[in-house]
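Data first, discussion second: the structure below is written as C-alpha cells.
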Amino acid sequence: MTILLLGSGGREHTFAWKMAQSKRCSRLFIAPGNAGTATCGENVALDPLDFAAVGQFVLKNAVEMVVVGPEEPLVRGIWDYFQETDALKNIPVIGPSKAGAVLEGSKAWSKKFMERHKIPTAAYREFTSEGVEEGVQYLKQQPLPIVLKADGLAAGKGVIICQSHQEAEQEFRDMLDGKFGAAGDRVVIEAFLSGIEFSVFVLTDGKTYKILPEAKDYKRIGERDTGPNTGGMGAVSPVPFVDETMWQKVEERIIAPTVKGLRKEKIVYKGFIFFGLIEVQGEPYVIEYNCRMGDPETEVVLPRLKNDLVQLFENCAKGTLGRVRIRADKKFATTIFLVSGGYPDQYEKGKIMTGLEQVKESLAFHAGTRVQGDGVVTNGGRVLALTSLAKDMESALRKSRRNAKVVQFEGKYYRRDIGKDLENL
Ligand code: AMP
Ligand code: GLY
C-alpha cells in the first residue's frame, strides 16, 4: 500500500525506516521529512498542519494510509478533517480524533479524565485569569517545589518546576498573562512527585491495546541531568527497574483504565498513547499523556519491535489489534543524540555533516538534517540519533558512544552519560 507519514524528526525517520521494511508498504511518502527519511521513501514539501493540502496530496497520489508522527496535527484535528471530507473518510489516519488528542492537548482535561477514572497522578488545581488571586493564595499553601503547567501545547516548554513561592507566584501570573500565548489561559498547579521517570507506549484500536517496549529518555542538556530541558538527549529500552510487579501495576491501574475510560466516554482513539510515568516508592503515577509516540523513545522502541509495523497499523485501523501478539527483541537498545552547539538556546544550522558512512554497528536516525547538494547539513537543534542494540546496556551504549565520535559537524555536542544512572539501581 501507499503510505504518507507526517513529520520530520528522529521519530519519523525511525517510523519510515521500520515501515520501509514491510512487504505491505509499496510506496512511502514523508512530509516534510529530513535527509534520513529521504533514504526510506520520498520526501514531499507539505505542511502537516495544512490539512487541505495533505488531503489533496493523498487523493492525487492514491495514498491508502496516513500515519501522523507529531502531536500538533492530531490536537488540531487531522483525523476529524479526514472523517468530515467525503473523498477522504475511508482513508485511515493512524492517530486519535481531536477529542482523543486532548489527552495531550489539554493538561487540565487530562487531569480531570484521570480523576474520573481513578488513575493515579499528582494532586492538582486549575485556574484561569478569573481566579488569579485565589490561585496565588493556593500556591502560598503548597509545599515546595511547585509544578506549574500551561494547559495547552507549548512546544515542550509549558512545565515549570518552581523552587520558591516567590518564583511560583511570578511564573503563575506570567503564564496567565500570556507568556505561552493561549496555551497558558488555563494553568494547572500540581504537586511535585519525586522519583524516577519512564515511558510506556501502547497502540490501541479503541477496543483493545497492545503494549510496546518501555523506554527511559534523558531530557536535560547536561550530564548527570543538569541544565535546561531539551527535546531529549538520549534513551534506553528496556528500563531495568521496570520489573514484572511494576508492569502489572502500570497495566491494571493506568493502561487498562485509560483505554476503557476513552471507550466509555465514546472518544474515538486509534493510535498511540504515550504514558509519561514516574515511580514513587514502588508505585507508578502518570506525569503526562501524549497522543503520539515519544522522541527519542521511538528510536529505541521500534528497533526492538519484531512485528511488521504496517501490519500493526492496518490492524489498528480495522479494529483487529486483538489478534496481534507483540514480539520484542530481548536485546537492549540505546540511543545518543548529537545536538547543535548552543542548543536548547540559540544555535546555528547549515553545518556540514561528515562521517555518516563510517557509522558501524549503529543506526543513524536523522532529526534536524537536510540534504544539500551531495551531502547532509544540520537543520535543527537535535540533529542525529545513534541507536545501537546489544545483549547488555553497556555494550549498546559503547557502540552509540563510539559512533557519536565518528560523525562530525561544527559545534557537535552529546551526553556521554546516557544510561549511567541505571547501572547501579
Ligand atoms: P511535560 O511537559 O508534561 O512532559 O513535563 C516535563 C517534565 O516536567 C516531566 O518530564 C517531568 O520531569 C517534570 N514534571 C512534570 N510534572 C511533574 C510532577 N508532578 N512532579 C515532578 N516532575 C514533574
Ligand atoms: N520524550 C518525550 C516526548 O516525546 O514528549
Side-chain angles (χ1 to χ4, degrees), residues 7 9-12 14-15 68-72 74-75 101 103-111 114 119-126 142-163 168 171 175 180 183-184 187-201 212 214-221 225-237 239 272-281 283-302 335 337 339 344 365 367 381-382 385 418 421:
R11 169 183 48 214
E12 285 74 22
T14 315
F15 271 139
V68 186
E71 63 278 10
E72 213 174 334
L74 296 165
V75 171
L103 269 187
E104 176 167 0
S106 165
K107 303 222 185 255
W109 192 92
S110 75
K111 293 298 275 189
M114 287 186 264
I119 296 165
T121 186
Y124 81 105
R125 287 272 307 269
E126 57 170 283
Q142 301 312 303
L144 294 170
I146 296 170
V147 183
L148 297 182
K149 297 186 173 182
D151 179 47
L153 291 187
K157 295 187 166 49
V159 175
I160 299 176
I161 296 173
C162 305
Q163 302 297 339
E171 285 292 351
M175 276 190 183
F180 297 114
V187 173
V188 168
I189 302 178
E190 188 171 292
F192 180 82
L193 297 175
S194 181
I196 178 158
E197 286 178 63
F198 61 107
S199 309
V200 163
F201 312 92
L212 302 175
E214 81 281 5
K216 181 180 192 301
D217 79 335
Y218 291 79
K219 290 193 168 69
R220 303 295 192 95
I221 187 77
D225 286 326
T226 53
N229 262 326
T230 70
M233 297 296 294
V236 301
S237 174
V239 184
F272 292 103
I273 312 176
F274 167 152
F275 302 83
L277 305 180
I278 189 164
E279 184 201 305
V280 183
Q281 291 168 347
E283 307 302 328
Y285 292 82
V286 177
I287 290 271
E288 61 163 349
Y289 285 115
N290 293 312
C291 62
R292 48 157 177 92
M293 276 299 287
D295 195 347
E297 290 94 331
T298 303
E299 288 91 311
V300 289
V301 170
L302 291 190
T335 200
F337 242 104
V339 305
F365 292 122
R382 290 161 75 244
I418 301 299
D421 58 327

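For ligands, and for the atoms within them, numbers begin at 1 and follow the listed sequence.
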message = Could you check whether any side-chain N or O of T298 sits under 3.5 Å from a backbone N or O of D295, counting only pairs where one atom can act as donor and the other as acceptor?
response = no
query = Taking side chain as C-beta onward, heavy atoms only, is M175 less than 4.5 Å from K149?
reply = no
query = Below 4.5 Å, heavy atoms only, C-beta onward: do V147 and I189 meet side chain to side chain?
reply = no
ask   = Distance under 6.0 Å and angle within 45° of the ring axis: does R382 meet both against F337?
value = yes
message = Are the side chains of E12 and P70 in contact, using a 4.5 Å heavy-atom criterion?
response = yes
ask   = Taking atom types as modelled and ignoring hydrogens, do the side chains of T121 and K111 form a donor-acceptor contact shorter than 3.5 angstrom?
value = yes
task = Search all heavy atoms of C291 against all heavy atoms of L74 and return the closest pair with its distance.
result = O-CD1, 3.5 Å
note = V239 and E214 have their tightest heavy-atom pair at N-OE2, 2.9 Å
key: E297 backbone acceptor or donor facing D217 side chain under 3.5 Å   = no
Less than 3.5 Å apart, N/O on ligand 1 and N/O on the protein: could you list those pairs with the distances?
{"residue": "ligand 1", "atom": "3 (O)", "partner": "K107", "partner atom": "NZ", "Å": "3.2"}
{"residue": "ligand 1", "atom": "3 (O)", "partner": "E288", "partner atom": "OE1", "Å": "3.1"}
{"residue": "ligand 1", "atom": "4 (O)", "partner": "E288", "partner atom": "OE1", "Å": "3.0"}
{"residue": "ligand 1", "atom": "4 (O)", "partner": "E288", "partner atom": "OE2", "Å": "2.7"}
{"residue": "ligand 1", "atom": "10 (O)", "partner": "E197", "partner atom": "OE1", "Å": "2.8"}
{"residue": "ligand 1", "atom": "10 (O)", "partner": "K219", "partner atom": "NZ", "Å": "3.3"}
{"residue": "ligand 1", "atom": "12 (O)", "partner": "E197", "partner atom": "OE1", "Å": "3.3"}
{"residue": "ligand 1", "atom": "12 (O)", "partner": "E197", "partner atom": "OE2", "Å": "2.4"}
{"residue": "ligand 1", "atom": "16 (N)", "partner": "K149", "partner atom": "NZ", "Å": "3.1"}
{"residue": "ligand 1", "atom": "19 (N)", "partner": "E190", "partner atom": "OE2", "Å": "2.7"}
{"residue": "ligand 1", "atom": "19 (N)", "partner": "A191", "partner atom": "O", "Å": "2.9"}
{"residue": "ligand 1", "atom": "20 (N)", "partner": "L193", "partner atom": "N", "Å": "2.8"}

inquiry  = Tell me which residues fall inside the under-4.0 Å heavy-atom shell around ligand 2.
reply    = D217, F274, N290, R292, G294, D295, P296, E297
